[in-house]
There are 2 protein chains.
Amino acid sequence: MDNVFDRIRNHGLREKVVSAAEAAAWIQNGMTLGLSGFTRAGDAKAVPTALAERAKQEKLKVNVYTGASLGSDIDKLFAEVGLLNKRLPFQADPTMRSKINAGEIYFVDQHLSKTSELVRAHVLEPIDFAIVEAISITEDGMIIPTTSVGNSMVFAQHAQSIIVEINLAQPQMLEGLHDLYEPGKQGERPPIPLTKPDDRIGSLGIPVDISKIKGIVFTNQLDSPSTIVAPDQETEMIAQHLIDFLRMEVRHGRLTNRLAPLQSGIGSVANAVFHGLLKSEFTDLEVYSEVLQDAVFDLMDAGKVRFASCCSITLSGAKMDEVFPNLEKYRDKLVLRPQEISNHPEVIRRMGLIAMNTALEFDIYGNVNSTHVMGTRMMNGIGGSGDFARNARIAIFVTKSTAKDGRISSIVPFVPHVDHTEHDVDVVVTEQGYADLRGLAPRERAELIIERCAHPMYREQLLEYYREALTRGGQTPHALEKALSWHTNYAQQGTMLQPALRAVPNP
Amino acid sequence: MDNVFDRIRNHGLREKVVSAAEAAAWIQNGMTLGLSGFTRAGDAKAVPTALAERAKQEKLKVNVYTGASLGSDIDKLFAEVGLLNKRLPFQADPTMRSKINAGEIYFVDQHLSKTSELVRAHVLEPIDFAIVEAISITEDGMIIPTTSVGNSMVFAQHAQSIIVEINLAQPQMLEGLHDLYEPGKQGERPPIPLTKPDDRIGSLGIPVDISKIKGIVFTNQLDSPSTIVAPDQETEMIAQHLIDFLRMEVRHGRLTNRLAPLQSGIGSVANAVFHGLLKSEFTDLEVYSEVLQDAVFDLMDAGKVRFASCCSITLSGAKMDEVFPNLEKYRDKLVLRPQEISNHPEVIRRMGLIAMNTALEFDIYGNVNSTHVMGTRMMNGIGGSGDFARNARIAIFVTKSTAKDGRISSIVPFVPHVDHTEHDVDVVVTEQGYADLRGLAPRERAELIIERCAHPMYREQLLEYYREALTRGGQTPHALEKALSWHTNYAQQGTMLQPALRAVPNP
């Protein structure tokens, strides 16, 4: 192995190397931290872990801003030791989730493109320390990120001080794959000169004021692998319906077999869709998304995807073993950008993405709940789904039509929390079929959604609600006193199904 | 008066002049029409009126797309004679509203920036006739719009045929004030090269294929004047709180006395805010908005606003008399753009607008209902509020804290329709005060909103709901079975106020 100090190519910075514990000791009660990390990729690992250790011994509360969810159990650790006052803009850890829902952590659920604007405009509490994982630091002090970019650039540039974690386990060949662009202040910025997924518009690393780098810590630990859920029969059917919809768009002349740049949320349905594309006639595809998971690499290997732009690479253990030693072959097919750019309304609208995201549930008029279980308990957060849905060429939301063995219908009269309004939802897909809502009035949407997307065991019950609502009238008819009854029934009786229908066997 | 034919500077087109009745006769049952007109300004007047006449005699149903609401009672006429199958993307007429709410007209309530994308991408029913009001037609067949641009460009360019109404009553000096920019197809378009409200990036009129101009009709009728509601004590207090918030932003160094380009919805509060600015220390302001109403001209006259970009000019009768003969003095202070550009996410985010829009109601967590009275009955439509709120530097929503003499609280536990989610609402303002929600978690927001914005007569009742919700837990606590009870109580008992509190005198 080379001398690890070669990773600090600015010689003056070599004297900044400290232990994780030493760096963590600089952090004081009440401070605000900006951490690298996006969907388990590229998170700072050692200093946050050391900080959590400290919090076991002493009173310590900090605010933590990140790109998105952290891996390496850091969100879990933070939650367990009670370290957090405020956390934003996204998380996905069960322990943290339960503390958030208990009201013990203030969680601010933000569009992932938005945090950077609030930092830049000095709206959020100022960042005392940015803690950023890196491959290396260049001669001129540029920080080269690892498997994610997230908000690291805006955090590093606006923090009082920076701690860099150079992770020797991350593939050094990541260097050169990043494209760091700083849009500048609102009101003073030029257009973002990005018109295609493979455009390069920025620098290879994060330019920072070297004097702000207070410490450098060496680490040697891979990202937490993602757990890829294999497609099941239902997710495969969802994928098939979604691909049928895309075929219909081609038949209508609105798309070609190259489709349009694809954005996809993470998870089992996204995975199934990409597997479906692998076997489809669509080709020469481009991806402009947040997270690249295993399937996108399969599509690149198969020659189906010609280029993928992302802000993080989150792979399974097996796929890491396969991809990381061979990153060279993806060098002209891949770019990692700040989440502000991967999720930027300007770029999404310009390129006209096809955006595919997962709903927890949607209602008969097309409003989507992506975040709150039964309207109150946070799951993970809105993530980038709003950035994409609002500005996409086609905003698609997918979900299985039922959950909990049929005791929950994912199509409800009224969603108890709205993340995406009827104005922003173009197509909804379940394993039952898809409903293309574009250009439809609410009453047209309701009929289509119930017919095409609802599970047969809930269809009559939805129609019954809708027919009663129609007697009340309105652009968006509702029987308000019953609108949330499906959710309160579930809370009280453990099922949304009407008593008369409960004899029906589960799907 | 000059020869009216001088308005048709392309001589070949002069033979296309027909009567309104003749042009209306070309329109067949089942067709789709794209009409000029935005918030009572620049609507095609004669052909639509003649068409409504025809519909009294024969079976005639058409789809009507517009910029926004029409003046000259055309939406009223259309609704009365049952002419409409589908109407989009906005309306504001009481008769049409009641037909929509009765389910007799399919109304598609769209973001005003979005219709053009759907026309361009062939998602909506194709347009048979564009009917567009104009000042003149140039030698090369460019159509010069009048007091609004709306969607006229995309309608004219994508319609099978075009009917032009040359309105001799509109001030000819409008020619030269328009800036018509066509962004091109999604996926193929360059950045929109607009970085400041006063940038000019397009042509002075709508370039069309001359052969598509099937008829030209002369008219001579001013736009319907807007009814300006003078500020009352409550709207003045709202304006004052909003201006106090802006002052706080200046004190924090986040804004200067020049603020940032201002967008404002229409109506009495907007009017009051602009009146408030007239007397304030803020100066050298820029407006980047949809509709310019009287107050913006007052601000220009007072030297407070240096430039205003809009997509329509909607004035009171008195202000028309004052402004229209003197348009020359506003020539370097004013531009009219397509609504796609005035409301474009790319431009709004880049310039970092301060967006001020009116809510019907908002809930204790900051979700806003802008459209549906009691959750079901359409008022006007979302208009541009979503385009602006989602992408603004600061998204502000205003409303009086009560309606119907105190029987309705505009701050409720749970809005029965969501147009703007908690993720997109930065500041809410009532006559009671303002709540700055940026960077706050839902529980922090609820306390602030109840304390600062709710009417005192509803404060305890809101706190009672919130305290019960807290016992249930969650990121966004709710007592779901009571969440919509304020609205159902109003429906049943004519008031949202709890029986115990009804002795409290009305405000």
Side-chain angles (χ1 to χ4, degrees), chain A residues 86 100-103 106-111 118 121-124 186-187 189-193 195 252-254 260 345-346 349-352 367 372 375-378 382 386 390-391 393 416-419 421 423 438-441 443-444 472-478 480-481 483-484 487-488, chain B residues 86 100-103 106-111 118 121-124 186-187 189-193 195 252-254 260 345-346 349-352 367 372 375-378 382 386 390-391 393 416-419 421 423 438-441 443-444 472-478 480-481 483-484 487-488:
Chain A
K86 188 164 280 188
I100 286 169
N101 288 323
Y106 285 124
F107 175 56
V108 187
D109 179 22
Q110 280 177 336
H111 297 300
L118 297 174
H122 308 294
V123 171
L124 297 177
Q186 283 184 301
R189 64 176 62 150
I192 300 171
T195 60
H252 282 298
R254 294 193 281 250
E346 171 173 341
R349 181 81 165 240
R350 180 182 301 150
M351 297 206 282
N367 299 287
H372 283 69
T376 61
R377 296 195 307 283
M378 176 55 58
I382 192 168
R390 172 68 65 95
N391 298 294
R393 177 194 307 254
H417 185 89
V418 178
D419 292 293
T421 75
H423 309 284
R438 296 172 297 171
L440 299 188
R443 288 166 188 238
E444 296 173 292
R472 317 286 180 91
Q475 157 85 349
T476 305
H478 272 299
L480 270 199
E481 77 286 2
L484 291 169
H487 298 83
T488 53
Chain B
K86 190 163 278 188
I100 287 169
N101 288 323
Y106 286 125
F107 176 56
V108 187
D109 178 21
Q110 282 176 335
H111 297 300
L118 297 174
H122 308 293
V123 171
L124 297 178
Q186 283 183 302
R189 64 176 62 150
I192 300 171
T195 59
H252 283 297
R254 294 194 283 250
E346 171 173 342
R349 181 81 164 240
R350 179 182 302 148
M351 297 204 283
N367 299 286
H372 283 68
T376 60
R377 296 195 307 284
M378 175 55 59
I382 192 169
R390 173 66 67 94
N391 297 293
R393 176 195 307 252
H417 184 89
V418 178
D419 292 292
T421 76
H423 309 282
R438 295 173 298 172
L440 298 188
R443 289 166 188 239
E444 295 173 293
R472 318 283 180 92
Q475 159 84 351
T476 305
H478 272 299
L480 271 199
E481 77 286 2
L484 291 169
H487 298 85
T488 53

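So that the names make sense, note that chain A is the first sequence line, chain B the second, and so on, each numbered from 1.
- Options A/Ile100, A/Ile382, A/Thr195 differ in how many heavy-atom pairs under 4.5 Å they form with chain B, and the most are formed by A/Ile382.
- The CG atom of A/Asn391 sits 10.5 Å away from atom CD of B/Glu346, with the distance rounded to the nearest 0.5 Å.
- The candidate from B/Asp109, B/Leu118, B/Ile192 with the greatest count of non-hydrogen atom pairs under 4.5 Å with chain A is B/Asp109.
- The backbone N or O of B/Gln186 sits less than 3.5 Å from a side-chain atom of A/Arg393, completing a donor-acceptor pair.
- Proximity to chain B (any heavy atom under 4.5 Å) is restricted, for A/Ala102, to the backbone atoms N, CA, C and O.
- Looking at A/His372, the atoms closer than 4.5 Å to chain B (heavy atoms on both sides) all sit in the side chain, from C-beta outward.
- Top candidate by heavy-atom pairs under 4.5 Å with chain B, chosen from A/Pro193, A/Gly253, A/Pro416, is A/Pro416.
- B/Gln475 places a side-chain N or O within 3.5 Å of a backbone atom of A/Phe107 that can act as its donor or acceptor partner.
- Each of A/His478, A/His487, A/Arg472 has some count of heavy-atom pairs under 4.5 Å with chain B, and the biggest count is that of A/His478.
- Using a 4.5 Å cut-off between heavy atoms, B/Leu124 touches chain A through its side chain atoms alone.
- Counting heavy-atom pairs under 4.5 Å between each of A/Gly375, A/Gly439, A/Ala121 and chain B puts A/Gly439 at the top.
- Between chain A and the options B/Gln110, B/Arg350, B/His252, heavy-atom pairs under 4.5 Å are most frequent for B/Arg350.
- Interface remark: A/Leu440 contributes backbone and side-chain atoms alike to the contact with chain B (heavy atom separation under 4.5 Å).
- Highest contact tally toward chain A, considering only B/Met351, B/Glu444, B/Arg443, is held by B/Glu444 [criterion: heavy-atom pairs under 4.5 Å].
- For the set B/Pro190, B/Gly386, B/Pro191, the count of heavy-atom pairs under 4.5 angstrom toward chain A peaks at B/Pro191.
- Note that NE2 of A/His417 and OG1 of B/Thr476 are 5.5 Å apart. Values are rounded to the nearest 0.5 Å.
- Rounding to the nearest 0.5 Å places NE2 of B/His423 at 4.0 Å from CG of A/Asp419.
- Between A/Leu484 and B/Leu484, the closest side-chain pair of non-hydrogen atoms falls below 4.5 Å.
- A donor-acceptor contact shorter than 3.5 Å is absent between the side chain of B/Arg349 and the backbone of A/Pro345.
- For the pair B/Arg254 (side chain) and A/His122 (backbone), a donor-acceptor distance under 3.5 Å is present.
- Contact of the A/Arg390 side chain with the B/His111 side chain is registered, since non-hydrogen atoms from C-beta on lie closer than 4.5 Å.
- The two residues B/Val418 and A/Thr421 come nearest to each other via the heavy atoms O-CG2, 3.3 Å.
- Heavy atoms of A/Pro477 lying under 4.5 Å from chain B belong exclusively to its backbone.
- Contacts with chain A were tallied for B/Gly352, B/Ala483, B/Ala260; B/Gly352 has the most, counting heavy-atom pairs under 4.5 Å.
- Interface summary for chain A: among B/Arg377, B/Glu481, B/Arg438, the most heavy-atom pairs under 4.5 angstrom belong to B/Arg438.
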